[in-house]
Amino acid sequence: MRNPFSIFAIRKGERWPALAIFIYLTALNALAVSKHFEAFTRCGHLGYYSLFFGDFTLSGFDPFTYVILSEWRSLYSLARHPLLAVLIYPLNQLNQWLMMLTDMNCAVFIWAAVLIVLSLYSFLFLFRILHKIIGIGHKDSFLLSVFFFAFGHIMVTVVAPDHFALSLFCLLLTLYVAGRAIRLKEPLAAWKTALLLFLSTGVTTTNGLKVALAGWFAGGRRFFRPKSFAVSIVLPLLLLGGSYLIISEYIQKPEQERRDRTLNQRLKKDEAFRKQQATLMQAAAKRNANAIMKGESFRWTDLSLSRPRSVIENLFGESLMLHEDHALQDVNKGRPVFVTYRNKMCYVVAGIVMLLLLLGIVTGLHDRFMQLCLSWFALDMVLHLGLGFALSEVYIMAAHWTFVLPIAVGFLLKRLQKPGIKQALRLLTVLITVFMLAINGRIFLNFILE
């Protein structure tokens with residue numbers, strides 16, 4: 001049996017690209033850590049939740065991970081992230097040991113290291129998808145991988161103390177493994193599907209459907225054979241369900257009771273805090289007024305927001321290129337839902353990227369791997385544009401779908417026959433990548449230094 005961990009070996013042709021992206025990721029994370037270095041490295045008898053949430057603003061991302069690393073609490077919503085807090089628990093124990101040793105909270109350093117490693121492998125899996133699955137050259141694969149990592153909210157995702165970088169890693173790993181199975185015309189092994197489903201769904205529940213789609217596209221009707229389906233889908237879902245019940249009863253419930261008790265005590269003693277909470281509740285009620293129905297997950301839906309403006313300014317706007325006004329502010333803390341670009345060239349670039357996506361879809365439509373990518377893309381578009389889930393800050397979800405853009409351009413590069421046109425597409429991609437790196441890098445650096 002082939003060593004399953006060989007997939008993480010960095011091959012000879014990948015070493016220089018890996019080194020380049022490693023330096024890039026390290027620089028971004030070093031800048032992100034420096035922004036709150038003094039405050040976030042304090043340790044002792046502190047209110048870590050208040051500390052991190054009081055000072056931290058990075059688009060719509062939450063610093064739950066910093067809190068969990070600093071003091072063990074199950075803060076993530078179990079309905080959306082059933083295993084995430086538990087997966088982070090070993091790192092919490094590492095941080096407790098480091099805090100005793102150094103008298104410094106090392107949460108920001110630990111998570112930066114995790115982000116660098118996961119994002120490095122996300123880059124490598126995308127590079128391999130482009131080179132080995134789609135079949136374009138090393139240089140084109142590197143170009144399109146850099147193109148992806150130049151996107152505004154990919155740049156932010158790889159430094160954010162949230163779950164999105166983990167989700168990106170799981171999705172690109174799944175896509176690469178499924179793509180190899182499709183090219184070999186073999187079903188995706190049931191144990192691989194089960195493991196990917198368990199881990200990916202544990203990070204974000206919607207990833208489970210994507211893993212199931214990957215198994216289906218790779219295996220066809222064989223995927224639904226009773227034994228295969230039981231091992232690859234039913235078993236991990238049962239394990240997830242059991243884990244959910246245990247975590248809910250023994251970890252989440254006590255945590256919620258603790259939070260309610262602390263909140264009620266403070267509400268009784270602090271009049272200013274009561275007014276602040278009342279204001280926050282009114283704002284939350286206003287934000288969720290257009291939800292499809294009540295409930296933890298459905299309260300994030302919205303049927304009233306303009307879909308055309310959401311696509312232009314946020315989905316294909318902010319996801320790819322950060323807005324200069326209200327840069328990386330949180331829509332829940334005063335950022336308008338829609339912000340326009342000062343530089344109108346950003347709209348031109350967004351339009352070109354959308355056109356390249358469309359052309360790539362057309363050229364690769366009959367390829368089964370492209371069909372798998374499109375099924376994932378369609379799922380996200382139904383979720384965000386159809387149901388309006390998190391539509392007011394849809395750009396923070398960029399890690400879940402924007403990798404389809406370089407894949408589409410990859411198919412376009414492969415299918416173009418005339419060398420002149422192919423070279424023009426390469427040049428266009430280089431110019432767009434440089435433009436996005438310049439725009440996003442400047443705004444990101446200004447945000448860190450302000």
Side-chain angles (χ1 to χ4, degrees), residues 27-42 46-71 73 75-77 80-81 84 105 107-112 114-115 119 151-167 272-273 276-277 279-284 286-288 300 313-314 317-342 390-399 439-450:
L28 288 179
N29 277 276
L31 286 169
V33 167
S34 71
K35 185 171 178 65
H36 301 289
F37 178 82
E38 186 174 350
F40 286 3
T41 54
R42 293 165 55 203
L46 303 173
Y48 287 109
Y49 188 98
S50 299
L51 171 66
F52 289 117
F53 274 85
D55 286 348
F56 183 87
T57 298
L58 183 65
S59 199
F61 297 99
D62 294 317
F64 284 132
T65 307
Y66 284 163
V67 181
I68 296 169
L69 287 172
S70 303
E71 56 176 349
R73 301 176 65 180
L75 298 176
Y76 283 107
S77 166
R80 298 201 307 275
H81 316 290
L84 189 51
N105 187 351
V108 291
F109 306 117
I110 292 171
W111 198 245
V114 170
L115 290 172
S119 302
F151 295 168
H153 267 79
I154 297 302
M155 185 181 288
V156 179
T157 292
V158 300
V159 303
D162 212 317
H163 71 278
F164 293 98
L166 281 77
S167 198
F273 182 71
Q276 181 188 40
Q277 289 300 112
T279 302
L280 290 173
M281 290 179 68
Q282 289 175 358
K286 185 177 180 181
R287 285 197 307 271
N288 301 327
W300 298 106
E313 298 292 356
N314 292 337
E318 180 78 5
S319 295
L320 307 184
M321 293 163 289
L322 304 176
H323 286 82
E324 193 165 0
D325 295 322
H326 302 281
L328 295 174
Q329 292 180 7
D330 191 336
V331 75
N332 296 314
K333 297 180 181 179
R335 180 195 189 275
V337 173
F338 300 119
V339 180
T340 57
Y341 287 106
R342 295 183 191 177
L391 188 58
S392 61
E393 51 181 9
V394 67
Y395 36 83
I396 71 170
M397 308 288 175
I439 290 285
N440 296 327
R442 178 174 59 83
I443 293 173
F444 180 82
L445 186 60
N446 288 340
F447 173 79
I448 295 298
L449 297 177
E450 69 181 4

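- Every ring pair (Phe, Tyr, Trp, His ring centres under 6.0 Å) that Tyr76 has, sequence neighbours left out, goes to Phe64, His81.
- Across Ala107 and Tyr66, no two heavy atoms sit closer than the pair CB-O, 4.0 Å.
- Thr157 is linked by a side chain to side chain donor-acceptor pair (under 3.5 Å) to nothing, counting only residues two or more places apart in sequence or in another chain.
- Residues Leu166 and Leu84 have side chains in contact (heavy-atom distance under 4.5 Å, counting atoms from C-beta outward).
- Every pair passing salt bridge (charged side-chain N to carboxylate O under 4.0 Å, His left out) that includes a residue from residues 317-332 is listed here, sequence neighbours excluded: Glu318-Arg335, Glu324-Arg342, Glu324-Arg442, Asp325-Arg342.
- Here the shortest heavy-atom pairing between Ile396 and Ser59 reads CG2-OG, 3.8 Å.
- Going from atom CG of Leu51 over to atom OG of Ser70 covers 8.0 Å, rounded to the nearest 0.5 Å.
- Smallest separation of non-hydrogen atoms from Pro161 and Thr65: O-OG1, 3.1 Å.
- Residues Met397 and Ala390 approach most closely at CE-CB, 3.5 Å, considering heavy atoms.
- Counting all heavy atoms, side chain and backbone alike, Ser119 lies closest to Val158 at OG-CG1, 3.3 Å.
- Asp162 is linked by a side chain to side chain donor-acceptor pair (under 3.5 Å) to nothing, counting only residues two or more places apart in sequence or in another chain.
- Taking the side chain to side chain donor-acceptor pair (under 3.5 Å) definition, one finds that Gln329 meets it with His326, sequence neighbours left out.
- Remark: Ser392 pairs with no residue by the side chain to side chain donor-acceptor pair (under 3.5 Å) rule, at least two apart or across chains.
- Partners of Leu115 according to the side chain to side chain contact (heavy atoms under 4.5 Å, CB included) rule, which considers only residues two or more places apart in sequence or in another chain, are Asn29, Trp111, Ala165.
- The shortest side-chain heavy-atom distance between Thr41 and Val108 falls under the 4.5 Å cut-off.
- Using cut-offs of 30° and 60° for the angle between ring planes, the Phe40 and Phe52 rings count as perpendicular.
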**Message:** For Met321 and Ile443: C-alpha separation, side-chain torsions, deciding distance, then whether side chain to side chain contact (heavy atoms under 4.5 Å, CB included) applies.
**Reply:** CA-CA 10 Å; Met321 293 163 289; Ile443 293 173; over 6 Å; no

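- Asn440 places a side-chain N or O within 3.5 Å of a backbone atom of Leu322 that can act as its donor or acceptor partner.
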Problem - Stepwise side chain to side chain contact (heavy atoms under 4.5 Å, CB included) check, Tyr395 with Val156 - result: CA-CA 10 Å; Tyr395 36 83; Val156 179; over 6 Å; no

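- Applying the salt bridge (charged side-chain N to carboxylate O under 4.0 Å, His left out) test to every pair with at least one member in residues 57-71, sequence neighbours left out, gives these pairs: Glu71-Arg73, Glu71-Arg258.
- Here the side chains of His323 and Thr340 are not in contact, with every heavy-atom distance at 4.5 Å or above.
- With sequence neighbours left out, the ring pair (Phe, Tyr, Trp, His ring centres under 6.0 Å) criterion links Phe61 to Phe164.
- Closest approach of Arg42 to Asn105, counting heavy atoms only: O-CB, 3.2 Å.
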Donor-acceptor pairs under 3.5 Å, side chain of residues 31-38 to any protein atom, not counting sequence neighbours: which ones?
from	atom 1	to	atom 2	distance (Å)
Ser34	OG	Leu31	O	2.6
Lys35	NZ	Phe447	O	2.8

